[in-house]
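This report refers to the structure that appears directly beneath it.
So that the names make sense, note that chain A is the first sequence line, chain B the second, and so on, each numbered from 1. Just so you know, these numbers come straight off a predicted model, no measurement behind them.
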Amino acid sequence: MPELPEVETVRRGLAPAMIGARFESIDQRRPDLRFPFPADFAARLTGRRIEALGRRAKYLLADLDDGQVLVMHLGMSGSFRIEAREGATLLGTYYYDTSKDPAHDHVVFDLSSGARIVYNDPRRFGFMQIIARAEIAEHALFKNVGLEPLGNELDGEVLARLFAGKTAPLKAALLDQTLVAGLGNIYVCEALHRAGLSPRRAAGTLARKDGRATDRAHVLARVIREVLEEALAAGGSTLRDHRLTDGTLGYFQHTFRVYDREGEACRRDGCGGRVKRIVQSGRASFYCGACQR
DNA sequence: CTTACACCCTGCTCGC
DNA sequence: TGCGAGCAGGGTGTAA
């Protein structure tokens, strides 16, 4: 499910209910998701105050008042919903999504804010860890994570430097979280279409022989930011059962130009091509063979 | 070092 | 209507 815009949307949805609140009780309903929960997971969180809720790549990071960080990843099908605890009143409107199968409610956080935050994940590709703040940067989960595409670092020159010499296709290079972090299958397809670049083009062709960026690299860097920012403004993309924490739906999926549009008309003005679907490193790539080179 | 692929798990859609 | 095949937004480990 969630790529950077969806995870960031979830972060913004959870923040008002979590920041400043304490974990009063945790109901951990299984020993593992993708990985086992840390030992004494519930006990280590109970009583802790959440000081901040951040995001790095596709990870959510809740800073706790004892120097630890609760790290949460949604995998493919993870979602959070917010309910009011019994007898509690929450500011704002919260939504109970009855379409969620409670069999897949794996973790329930009851917070002093009056919020009950429920983690639901049918495929269980998500996971949670607790890591000391001081060890985050060197932790195996984070030490190889690449740059944030919405940060100040990403531009054509940086992209060209990252991709220089690579024979892997652009599609694979952009999905590689150790280079640029947070892109997934949807937004890679969409960014490549906007840039007019084929997902099959070798990543190294975005650098000139002297290592400087080509015009293509500048364009790609610009449209990566553009597509992520537009998706964020739309509350992310809602496919299948993904919802925002308040139960409403993101609507960016209505503006996909190529993703999941095999056989349909290219949406570039005056192009007239059709969207093709190919498989690259086991993942579907959607692109227009006419205007993406 | 690179790139490619299987795999983790459940649910949904499609074709027969 | 039932049933198997294939596919899904992610990431890791292994092999070549």
Rounded to whole angstrom, note down the P distance from B:dC14 over to C:dG9.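 My reading of the P atoms in B:dC14 and C:dG9 gives 16 Å.
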Between B:dA6 and C:dG6, how far apart are the C1' atoms? Round to whole Å, please.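 Roughly 16 Å separates the two C1' atoms.
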Provide the closest heavy-atom pair for A:Ala202 versus A:Thr167 in the form atom of the first, atom of the second, distance.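 So the two residues come closest at CB-O, 3.9 Å.
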Nearest non-hydrogen partners of A:Glu148 and A:Leu154, listed with the distance: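 In terms of heavy atoms, the two residues are closest at O-CB, 4.4 Å.
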Send over the distance from [X] [atom1] to [N] [atom2], rounded to a whole Å.
{"X": "A:Met76", "N": "C:dG9", "atom1": "CE", "atom2": "C1'", "result": "6 Å"}
{"X": "A:Glu3", "N": "C:dG11", "atom1": "CD", "atom2": "P", "result": "9 Å"}
{"X": "A:Leu33", "N": "C:dG10", "atom1": "CG", "atom2": "C1'", "result": "14 Å"}
{"X": "A:Phe252", "N": "C:dG9", "atom1": "CZ", "atom2": "C1'", "result": "14 Å"}

Does A:Arg124 get its side chain close enough to the base of B:dC9, under 3.5 Å, for a donor-acceptor pair?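 In this structure, the two groups form no donor-acceptor pair.
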Could you give the distance from CD1 (A:Ile19) to CG (A:Leu53), rounded to the nearest 0.5 Å?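 Rounded to the nearest 0.5 Å, the CD1-CG separation comes out at 5.5 Å.
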Using only heavy-atom distances, determine whether the side chains of A:Tyr59 and A:Gln129 contain a donor-acceptor pair under 3.5 Å.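 A:Gln129 and A:Tyr59 do not have a side-chain donor-acceptor pair below 3.5 Å.
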Counting only Watson-Crick or G-U wobble pairs whose two distances fall under 3.5 Å, which nucleotide matches C:dG13?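 Result: B:dC5.
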Verify the stacking flag for A:Phe125 against C:dG10: centroid separation must be under 5.5 angstrom and the ring planes must differ by under 30 degrees.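 Yes.
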Can you give me the N/O atom pairs linking the protein to nucleotides 3-6 of chain B at distances under 3.5 Å, or say none if there are none?
from	atom 1	to	atom 2	distance (Å)
B:dT3	OP1	A:Thr167	N	3.4
B:dT3	OP1	A:Ala168	N	2.7

Under 3.5 Å between N/O atoms: give me all the protein pairs with nucleotides 12-16 of chain C, atom names plus distance.
from	atom 1	to	atom 2	distance (Å)
C:dT12	O4'	A:Arg34	NH2	3.2

